[in-house]
Structures are given as structure tokens and as C-alpha cells.
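Encoded as C-alpha cells, the structure appears first; notes follow it.
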Amino acid sequence: MRRILKLPQEVVAKIAAGEVVERPASVVKELVENALDAFSKEIRIYAKEGGKDLIKVSDDGVGIPASDVELAFERHATSKISALDDLTKLETLGFRGEALPSIAAVSKVELITKAQEEDIGTRIIIEGGKKVFKENGFFRQGTTITVRSLFYNLPLRRKLLKSSSTEWNRILKIVLAYILAFPEVRFYLYKGEELFLSSGTSLEESLKRVFGGDFLKNMRQISFAQEKYSVSGFVSAWGEGSGEFFIFVNNRPVKSDIIKKAVAEALSIPPGRFPVRGFIKINVNPSLIDQNVHPAKLEVRFFEPGAVYSAVYNAIRRAFSIREPSFGGFRSSVPKFSDEESSLSFKESLFEYECKIKGEEKKRSPIRVLARTSKGYFLAETEDGIWIIDPHALLERLLFERLRNTRVTVQLIAPIVLHYDSYLSSVIKDKIEVLKEVGFELEEFGGNAFLLRGVPSPLSNLRLNWGEAIKSLFKEGSLDLIKAWADLACHAAPKLGDIATPEDMQRLLNELYGFGDFDLCPHGRPIRYFLSYREIAKWLGR
Ligand code: ADP
Ligand code: MG
């Protein structure tokens, strides 16, 4: 056995920093929290290279008194609590006194600050946790912290960071959360030198910035106060989501499974999915929560989780006017959507299933379409039996195969300007190349706008709402080619019109089987049901 040694201070600091500072967005989060705790009215956030090279947060808050500046960088030094008991009354976002020392341990920090009650301010530079420079000077009131070269002294950690655009998206998401939580504060977010986003000065303005101009279209306002918990926010009908859902507890953005579960169950969303956008704010007496369960304060613990669940559940049900069914105590969870979307994951549904079928595939004899039933199904016949065909599923698959097999872009006569909310447009910017592969030719057009110049040829004469069509591709935040074609097919197939006659169906079937022998629509619903003559004979006792 080796001897036990006490780790040097520098190593301890780096280890501890790892818990608080995981990536640029965590630095932004801590610095913004400090600015908010300092009663700032205006906060400017700059990030270069997704925050990997530089993060700067500048506020007009109360500032740090000259005599406290060095203390602020010491571990567990905080002006926000002074005794354990204070944790139960906590009204500030910070309280652990760990952010500044953690950030300073793993980067090069410059802090400029002047306290409200003092004339002279301070500028201090700390690199890798060591003070390298300090001076006094005339600075304006407030605090500006610049964090350069994050993880420069932890190369492995730096390597783990994702691309600048991915890190930027995480920063954006954090800033959007605070814009919603503190609508009365003005936020400016700069990408390098360029102003990327500014918040408004009202909740409505903030909502527009976060969710786009038409945010109200599909959202319900939540407002529900109980004895101990008040629940507010805006929540969309489900199916609208591209994943922007925020949860705040006493204005702290947190992750909370219990609240998500309450929202999902109130809206009868199946487990494992969360296609909802919006936000929920819960206000509660601080003595009913423990905010100190996560080093980066990303979670809170509710002392009465059941009560929180039912407050949120009821708030949502009420806002959406969903009544409980009258038969005693049994909660309806009948989903208002087809099963194919809920239970089968996409790849499972389509490809694995089809491979399975392919294995036992026999040669297909020619199909002859016979008739259309009054409900719109088609009957067709082969040598071995009868098919019942669902025209909608067939159209979806056909469109999917057309999209997949014809990678041609048709230029629009005049380009169309599309606007998205900040989050979505940032995601789209990242995926412009993938969209091109799918057939959409998009060009950045400043701010959150894009010019659409070309569309996939199989869709070109369908008169779609292109803005919505592109948005439908980002429902779950990610975008891959196969899924994109499937989502587009699903979005656009109804526009192909009804299949009116057996002749139309015959033509489309022939086209589909020119691509291959398919049984399922792109989301895994069967296109056809086969009854073999052998089976029929058995039923009829022949
Ligand atoms: P905590 O926020 O948990 O107290 P931090 O390490 O984030 O710990 O900050 C340490 C202290 O530095 C804070 O308690 C606060 O007094 C001071 N401070 C940090 N940032 C600011 C700021 N932007 N404006 C005013 N004071 C600040
Ligand atoms: Mg703090």
C-alpha cells in the first residue's frame, strides 16, 4: 500500500471545479446567476467559439466591494448565506460559493467590478486559480467577468468539449431559460461581436424571443395557485414540440422528472416521449425544497413530491379543460394519437421489421386492384389471396420512397423568407447541409431568418407550408436523413389527395413496387393486410 497523502490545494481545486464547470454553458449559467443575484437590470453575454475561447458576462448590478474581490475567488466564500439555517430561506440563485473559484481554477479570468457604495473599483486577473494581477481604477458600477481558454490547463477536459456550434446551442438554451425566468431583466446575447439575441422587457416579449412570434397559437396559459404551490407558465398542445421545455422552481431553471411526468400524464402523453414546448414555473416556500442536491444546482428536491405532482397535473388539466372521467378514480390515459408513433421506435418499426419479413419472403405474384370500399380501403387480389390496402399508409410510403430515391432539388420561382425562434434557427443553421441532402436549399438571411430557394422535387407541386414542413423535421431536436424523409412523407402525404379509383391505386401500387416490396409506412404502420385463400377456405369450412 502507498502512504496516504493530502492532495495539493491546486489539485483539489481542479477536481472540485469539474463538478461545477462541465462546459462553457455551465460557466455562463453561473455568471448569469451571479449577475441576477446582484440585482442587475441589464446583462450582456458574449461567447466566442461556443464559449471555448471566450465568455464574457457584464452586468449593471451592485458590484463587489474592493475589499471582497479576492475573497470572492475563495472556495465556499459567499455573501448569500451565513449559516446552515439560511438554506431553508434561500432566495438567491447562488449560495455554495463555488462558482468563481471553480471557474478561475480551470481558465484565465479577468474580473472588473465596482460596488454601488464605493468610488473606486477593482480589476483582477487570475489564471489557473492564481492571482497574476490586481489594480484599482475608475470603473462603472457593476461587474464584468471575462473567462478565456476554458480548460486550458486540463487538456483532456478541453478535448471532451463538443463543436463550437454545439456548445453555442447549449449556451443559447441556458440564456433562453433565464430570459423566461426573469422577464423584467434585459438580456443581450452576442455571438462573438454580433448581437444574436436580446430579450424584451415583458413576459410576452420574452416568450416571443424564445418560442417565436406565433408562440401563442398553440399554447395554453397555466395559472393555478394552491395553498403551498403556485404553478404558472405556458404549455403547448402536444405534438407541437421541438424539445424546448423549461422548468423553473422559484425562478431557478432545473430538471425535474416529477414535473415532466405530471405534465406528460396530464396530457396523456405516452412514456418515453415529451413532444411539448413551453415552460412551467413553480413557486414554493423555500423551506419545502432542498436546493442543495446537485453541485451545479440543476436539481431540487421537493419534500412533498406527491403534492407537487398533483399541483402541476391539475394546473395542466384545468388549462386544457380536460375533465376526469366519471367512473370512480380510474384515470383515462387513452392517447389521442395512433400507436405507431408512440410504441415503436422508428428504426425498429421500419427496417428491422422489414428485414424480418424479407427473410421469409416469397416471390410476389402480380397484384390486381379490384375495388374501393365505402370507407376508402382498397381490395386487391394476387394468386394466393386478397389484400386490404390502407391508401394513406401507402401514400406515405410512396412519398418516402420518392424522396429517398430522387435527390433532386427544384428551385422556387421566388425564394421564400422563413422565420423561426432563436433555438430552432440555431439548430437549423447547424443542419443546413443535411437539409440540402434532403432537398431543401436554405440560406441564412440574418438573425433568425432564412431564405428558402429550393425544395425536394417530389414535394415541389404539393403546395405545402414550407416553414412548417421544415419545422416538422426538428420535432425531436435531431435530424437524420432517414427520419427526415419519413417525417416529410408523413407531413406531406395528405396533400397528395385521395386515391379515388382502383385504377389510381393500381398505378400507385405499381410505382411503389418499382421501388421495392414494402409492407409498412415509414413510421411502421402496415400498408396492407393479407388474407390468404387457404385461410379463407379454412374459415368457410371448405
Ligand atoms: P455564490 O454565488 O454561491 O455566492 P460565487 O462563487 O458564484 O458564489 O460568487 C461568490 C461571491 O462573489 C458572491 O457571493 C457575490 O458576493 C460575489 N459576486 C460574484 N459575482 C458577482 C456579480 N456579478 N455581482 C456582484 N457580486 C458578485
Ligand atoms: Mg454564484
Side-chain angles (χ1 to χ4, degrees), residues 20 25-26 28-43 45 57 59-62 78-81 86-97 99 171-189 197 199-207 209-211 221-226 228-235 244-260 262-263 277-304 307-308 311-312 315:
V20 179
S26 9
V28 171
K29 173 180 176 292
E30 295 295 340
L31 297 183
V32 167
E33 284 190 355
N34 282 346
L36 288 165
D37 282 342
F39 307 102
S40 306
K41 288 275 152 283
E42 213 177 89
I43 302 177
I45 304 140
V57 175
D59 68 50
D60 60 352
V62 297
T78 176
S79 58
K80 298 168 194 175
I81 58 173
D86 290 348
L87 273 178
T88 61
K89 306 182 214 120
L90 196 63
E91 294 198 341
T92 50
L93 294 163
F95 57 88
R96 296 169 55 104
I171 291 175
L172 175 60
K173 204 153 186 183
I174 294 271
V175 174
L176 290 175
Y178 284 102
I179 285 179
L180 284 179
F182 293 85
E184 69 286 0
V185 174
R186 248 199 129 93
F187 288 87
Y188 297 85
L189 175 63
L197 171 79
S199 72
T201 44
S202 69
L203 180 60
E204 193 186 327
E205 284 295 309
S206 299
L207 280 161
R209 297 295 196 284
V210 179
F211 297 113
Q221 183 159 14
I222 312 292
S223 166
F224 186 67
Q226 269 188 341
K228 292 180 184 162
Y229 303 90
S230 82
V231 183
S232 62
F234 279 85
V235 172
E244 317 94 324
F245 194 83
F246 302 88
I247 296 170
F248 305 96
V249 175
N250 290 358
N251 275 0
R252 180 190 298 288
V254 291
K255 299 188 175 138
S256 165
D257 287 340
I258 186 112
I259 293 172
K260 268 183 126 170
V263 174
R277 40 198 256 125
F279 73 96
I280 287 271
K281 273 187 186 177
I282 296 192
N283 280 313
V284 50
N285 188 310
S287 66
L288 289 174
I289 50 177
D290 183 355
Q291 312 192 54
N292 192 23
V293 289
H294 189 285
K297 300 165 288 178
L298 296 175
E299 288 167 25
V300 293
R301 184 183 298 134
F302 294 104
F303 293 137
E304 301 170 343
V308 174
V312 174

Least distance between heavy atoms, [X] atom then [Y] atom:
{"X": "A35", "Y": "I43", "answer": "CB-CD1, 3.7 Å"}
{"X": "V20", "Y": "S26", "answer": "O-CB, 3.5 Å"}
{"X": "F246", "Y": "A177", "answer": "CD2-CB, 3.6 Å"}
{"X": "L90", "Y": "G94", "answer": "CD1-O, 4.3 Å"}
{"X": "E42", "Y": "D60", "answer": "N-OD1, 3.0 Å"}

Rounded distance (nearest 0.5 Å) linking atom [atom1] of [X] with atom [atom2] of [Y]:
{"X": "F303", "Y": "D290", "atom1": "CZ", "atom2": "CG", "result": "4.5 Å"}
{"X": "I81", "Y": "L87", "atom1": "CD1", "atom2": "CG", "result": "4.5 Å"}
{"X": "T92", "Y": "N250", "atom1": "OG1", "atom2": "CG", "result": "11.0 Å"}
{"X": "E304", "Y": "K228", "atom1": "CD", "atom2": "NZ", "result": "3.5 Å"}
{"X": "L31", "Y": "D59", "atom1": "CG", "atom2": "CG", "result": "9.5 Å"}
{"X": "S199", "Y": "L207", "atom1": "OG", "atom2": "CG", "result": "11.5 Å"}

For K297, salt bridge (charged side-chain N to carboxylate O under 4.0 Å, His left out) partners two or more places apart
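Listed in chain order: E30, E33.
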
Which pairs would a plain distance check flag for residues 179-189, meaning a side-chain donor or acceptor within less than 3.5 Å of a matching protein atom at least two apart in sequence or in another chain?
residue: R186; atom: NE; partner: Y188; partner atom: OH; Å: 3.0

Got a salt bridge between D86 and K89, using NZ or NE/NH1/NH2 to carboxylate O under 4.0 Å?
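Yes, this pair counts.
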
Just by distance, do the side chain of [X] and the backbone of [Y] share a donor-acceptor pair under 3.5 Å?
{"X": "K29", "Y": "A296", "answer": "yes"}
{"X": "R277", "Y": "E244", "answer": "no"}
{"X": "S256", "Y": "I259", "answer": "yes"}
{"X": "R301", "Y": "V293", "answer": "no"}

For residues L93 and Y178, determine if any side-chain heavy atom of one lies less than 4.5 Å from a side-chain heavy atom of the other.
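Yes. Closest side-chain heavy atoms under 4.5 Å.
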
Validation row: F302, V249 side chains within 4.5 angstrom (heavy atoms)
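Side chain of F302 against side chain of V249, heavy atoms only: contact under 4.5 Å found.
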
Who pairs with [X] by side chain to side chain donor-acceptor pair (under 3.5 Å), at least two apart in sequence or on another chain?
{"X": "N283", "answer": "none"}
{"X": "D37", "answer": "K80"}
{"X": "K281", "answer": "none"}
{"X": "N292", "answer": "R96"}

Any idea how F211 and F279 line up, ring-wise: parallel (<30°), tilted (30 to 60°), or perpendicular (>60°)?
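Parallel, since the angle between the ring planes stays under 30°.
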
Hey, mind stepping through V312 and Y229 against side-chain contact (heavy atoms from CB on, under 4.5 Å) and telling me if it holds?
CA-CA 9 Å; V312 174; Y229 303 90; over 6 Å; no

Test side-chain contact (heavy atoms from CB on, under 4.5 Å) on V32 and I174 and set out the steps.
CA-CA 9 Å; V32 167; I174 294 271; 5.9 Å; no

